[in-house]
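Each ligand, and each atom within it, is numbered from 1 in the order the structure gives. Excluded from the calculations below are hydrogen atoms, water molecules and symmetry mates; all remaining heavy atoms, backbone and side chain alike, are included.
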Amino acid sequence: MIILGGGAAGLTAASGCAQLGMKVLLVEKELMGGDCLHYGCVPSKTLLRSAGVYHQARQMSRYGLPDVSLPGIDLNRVMNRVQEVIGTISHHDSAERFEGLGVQVLFGSPRFLSPREILVGDGTFSASRIVIATGSSPSLPPIPGLESDGFITNKEIFRLEELPESLITIGGGPIGTELSQALARLGSRVTLLNDADQILPREDRDMAAVVEQQLREDGAEVLNGVRITGVRRAGRSVTVRYTRDETDSEVVGTHLLVAAGRRGNTEDLNLEGIGVDRNGSFIGVNNRLQTSLRHIYAIGDVNGQYMFTHVAGTEGSFVVRHAALGLPGSFSYRNVPWVTYTEPELASVGFNEKRAKETGTSYETVEAPLEDNDRAQAEGRTPGKIKILIDRKERVLGTQIVGARAGDLILPSLYGVTKRLKLMDVMSPVYPYPTLGEIHRQAAGTYYGPRLFNPRIRKILKFLYRYRG
Ligand SMILES: Cc1cc2nc3c(=O)[nH]c(=O)nc-3n(C[C@H](O)[C@H](O)[C@H](O)COP(=O)(O)OP(=O)(O)OC[C@H]3O[C@@H](n4cnc5c(N)ncnc54)[C@H](O)[C@@H]3O)c2cc1C
C-alpha cells in the first residue's frame with residue numbers, strides 16, 4: 001500500500017496496515033503529524049488555554065480574590081509554549097516511530113505516473129492499493145486586493161512573535177471564532193467579519209449566540225452578514241472594506257487573519273492524468289471511501305466530508321478494515337460529534353434543530369440551562385445550556401451543549417445517540433453530585449417532571465392511597 005500524507009488519516013491507515021503485515025510506503029510532503037499537530041488542533045487548543053488562564057487571572061475579583069493588575073503578555077513566550085506542546089506530542093507521530101512499526105517513510109512530493117505508479121524524487125513506486133490523505137489548506141476567498149503577503153492564516157499565526165495590536169478575522173467558522181477569542185483574550189483588538197448571519201453557522205442560532213455573547217464580552221467586535229468588497233495593505237496597516245445592511249464601511253487593523261474555509265490538497269498529484277474524479281478541489285468518494293478508481297481511497301480532509309481529526313482517524317481505521325482485512329461494510333457519518341473549543345465550548349452530536357428541519361425529521365426539544373446546575377454556580381461558569389432532541393418514542397436524536405467543558409459533557413449523549421437510547425436511559429444512571437454532567441439529568445427532569453408530577457397522577461394516587469388505607 002502507498003499512503004500519501006502523514007496526518008491523522010494517513011498515519012492511522014499506515015500504522016494499522018503495517019501492523020497487520022502489509023508492505024506500506026508513506027510519502028509525506030512536509031511534516032509528520034499534519035495540520036492537526038502543527039497548524040491546527042494542538043496549537044489552537046494550547047493557545048486557547050494560555051488565553052483562558054490569562055483571562056481568568058483578570059477575573060480574580062469575581063471569585064472573592066484580590067484584584068490584580070496584570071502586565072500585557074509576551075506573545076513570544078506564549079508561542080514557545082505552543083511549540084513545546086507540539087514538540088512533546090510530535091514523538092507520537094515521528095518517522096522513527098512509524099518505521100519501528102514497519103512503515104517505510106519517504107519525504108517528498110509524490111505524483112501519479114499511472115493509476116498504480118507514483119513518482120517521488122527520482123524513484124518510482126507501485127502498489128495495488130493507494131490511499132490519498134493529503135489533507136486541506138486554507139482557501140482564499142476571491143476578494144480584490146487580498147495579496148499573498150498581506151494576511152496570515154492558521155499556518156502563520158502560531159509563529160507570530162508579537163501580539164497583533166489589532167486583528168481583523170475573515171470567517172466566523174470554528175477556526176476564525178477560536179482564534180479570534182484567543183487573541184482577544186490575550187489583548188488584541190479583534191474584529192470578526194462573518195458573511196453568515198451568525199457565527200458557527202452549522203449550529204443552531206440559540207447555541208452559537210452564547211459563544212457570540214462571550215466573544216463580545218471578551219472585547220471582540222463581531223459583525224455578521226458582512227460582504228467584503230476589498231482589502232488594502234499600506235505599510236503596517238491593513239484596511240478591509242465591506243458592505244453590511246446596504247451600507248459601505250471599513251475597518252483598519254495591523255493583522256488580517258483569513259479563516260474562510262478550506263480546499264483539498266490535490267493540485268500536484270496529477271489526478272486528472274489518471275482519471276480520479278474531483279469535486280472542486282476535494283476528491284469524491286463512495287461510502288467505502290473509494291475514489292472513482294476503486295483501488296485508490298481518499299480519506300481525511302481531502303475528501304471534503306467532515307473535516308475533523310477524529311473523522312480522519314476513523315476513516316483511516318476503516319481503510320485498514322476494508323483494504324487490509326477485506327471486511328465488508330460502509331462508512332457512515334451519521335453520528336459524528338464535533339466541538340468548538342471556545343469558552344464556552346459548543347459540542348454537538350446527531351441532529352440539531354437545523355439538521356432536523358432540513359431533513360424533515362420530527363422532533364421535540366428538551367433543554368436545561370447551566371444556571372440550574374450547582375457545580376456551574378460554584379465554579380462561576382453558568383453561561384450555556386443543553387438541548388436534547390428526541391423523537392416520538394423518546395429516543396435521543398441529537399444533543400448540543402454550549403458551556404464549560406461541553407466537549408467532555410457530551411459523552412453520555414454520544415453513547416445515547418449512537419445506540420439509539422431513550423432519554424430515560426441517558427438520565428437513569430446515578431450521576432455524581434455536584435458535576436456539570438448532571439445537566440443531562442436536569443434536562444430529562446424538565447421532560448419527565450411535568451409528566452409525573454401533575455394533578456391527574458396526583459388524583460389517581462390519592463384514590464389508591466385511600467383505597468389502601
Ligand atoms: C486552526 C485549526 C484548528 C483545528 N482544530 C481541530 C480540533 O480541535 N479538532 C478536530 O477534530 N479538528 C480540528 N481541526 C481540523 C484538523 O486539523 C483536520 O481535520 C485534520 O488535520 C485532518 O487530517 P488529515 O490527515 O486529513 O490531514 P492533515 O492533518 O492536513 O495531513 C495531511 C498531510 O499530508 C501532507 N501533504 C499535503 N500534500 C501532500 C502531497 N501532495 N503529498 C504528500 N503529502 C502531502 C501534509 O503535509 C500533511 O502532513 C483544526 C484545523 C485547523 C486549521
Side-chain angles (χ1 to χ4, degrees), residues 2-14 25-49 82 90 93 95 98 105-112 118-121 125 130-139 152-158 169 171 173-183 257-271 281-283 285 289 297-317 319 336-342 345-348 407:
I2 297 178
I3 298 172
L4 309 182
L11 293 179
T12 308
L25 169 70
L26 176 77
V27 187
E28 167 54 49
K29 191 173 167 183
E30 198 187 329
L31 291 166
M32 292 283 279
D35 247 35
C36 180
L37 177 60
H38 299 282
Y39 314 112
C41 335
V42 173
S44 60
K45 266 79 266 181
T46 311
L47 185 68
L48 275 164
R49 175 68 181 144
V82 169
S90 66
D93 294 348
F98 278 79
V105 180
L106 205 61
F107 287 91
S109 291
R111 188 178 159 78
F112 280 94
I118 284 175
L119 179 73
V120 188
F125 302 86
I130 299 179
V131 178
I132 304 175
T134 48
S136 67
S137 299
S139 72
I152 54 172
T153 67
N154 65 293
K155 287 204 106 168
E156 293 78 31
I157 196 164
F158 304 109
T169 304
I175 297 173
T177 305
E178 284 184 4
L179 294 175
S180 292
Q181 183 177 57
L183 288 212
L257 170 69
V258 179
R262 311 283 298 173
R263 63 175 174 78
N265 293 329
T266 51
E267 62 278 7
D268 301 325
L269 298 170
N270 186 29
L271 296 180
S281 63
F282 296 101
I283 303 177
V285 287
L289 307 177
Y297 297 82
I299 58 173
D301 281 13
V302 78
N303 68 24
Q305 301 290 319
Y306 283 74
M307 292 196 247
F308 299 106
T309 296
H310 45 283
V311 174
T314 313
E315 289 178 343
S317 304
V319 165
V336 168
W338 63 78
V339 181
T340 301
Y341 294 89
T342 42
E345 294 180 356
L346 205 174
S348 175

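Nearest non-hydrogen protein atom to atom 42 (N) of ligand 1 is Pro110 CD, 3.0 Å. The protein atom (non-hydrogen) at minimum distance from atom 21 (O) of ligand 1 is Cys36 N, 3.4 Å. Among protein heavy atoms, atom 26 (O) of ligand 1 sits closest to Asp301 N, 2.8 Å. With hydrogens left out, the protein atom closest to atom 5 (N) of ligand 1 is Lys45 NZ, 3.1 Å, a heavy atom. Scanning the protein for heavy atoms near atom 16 (C) of ligand 1, the closest one is Thr309 OG1, 3.4 Å. Looking only at protein heavy atoms, the nearest one to atom 3 (C) of ligand 1 is Gly40 C, 3.4 Å. The single protein non-hydrogen atom nearest to atom 27 (O) of ligand 1 is Gly135 CA, 3.3 Å, given as residue, atom name and distance.
Numbered from 1 in the order shown, with element, the atoms of ligand 1 that lie under 4.0 Å from a heavy atom of Leu269 read 41 (N). The contact set between ligand 1 and Ser44, taken as ligand atoms under 4.0 Å from a residue heavy atom, comprises 3 (C). The contact set between ligand 1 and Leu31, taken as ligand atoms under 4.0 Å from a residue heavy atom, comprises 49 (O).
Within the 4.0 Å heavy-atom criterion, both parts of Thr134, backbone and side chain, lie near ligand 1. Here Asp268 has no heavy atoms under 4.0 Å from ligand 1, in either its backbone or its side chain. If you look at Tyr341 next to ligand 1, the close heavy atoms, those under 4.0 Å, all belong to the side chain. Neither the backbone nor the side chain of Arg111 comes within contact range of ligand 1; no heavy atom lies under 4.0 Å. With a 4.0 Å heavy-atom cut-off, ligand 1 is reached by no atom of Val339. Under 4.0 Å from ligand 1, the heavy atoms of Ala312 that appear belong solely to its side chain. Contacts between Asn154 and ligand 1, counted as non-hydrogen atom pairs separated by less than 4.0 Å, involve the side chain only.
Using a 4.5 Å heavy-atom cutoff, the side chains of Thr134 and Leu269 are in contact. Using a 4.5 Å heavy-atom cutoff, the side chains of Met32 and Val105 are in contact.
Checking only distances, Phe308 does come within under 3.5 Å of ligand 1, N or O to N or O. Checking only distances, Asp35 does come within under 3.5 Å of ligand 1, N or O to N or O.
The heavy atom nearest to atom 46 (C) of ligand 1, out of those in Glu178, Arg262, Glu28, is found in Glu28. Across the listed options His38, Lys29, Met307, Lys29 owns the non-hydrogen atom lying nearest to atom 45 (C) of ligand 1. Considering each of Cys41, Pro43, Gly33, Gly300, the one bringing a non-hydrogen atom nearest atom 50 (C) of ligand 1 is Cys41.
Between Asp35 and Arg262 there is a salt bridge, with a side-chain nitrogen of the basic residue lying less than 4.0 Å from a carboxylate oxygen of the acidic one.
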Where do Leu25 and Leu106 land on the side-chain contact (heavy atoms from CB on, under 4.5 Å) test, with the steps shown first? CA-CA 7 Å; Leu25 169 70; Leu106 205 61; 4.0 Å; yes
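Residue contacts with ligand 1: Ala8 is included, with a non-hydrogen atom under 4.0 Å away. Within the 4.0 Å heavy-atom shell around ligand 1 one does not find Val302.
Classified by interplanar angle (parallel below 30°, tilted 30° to 60°, perpendicular above 60°), the ring pair His310/Phe308 is parallel.
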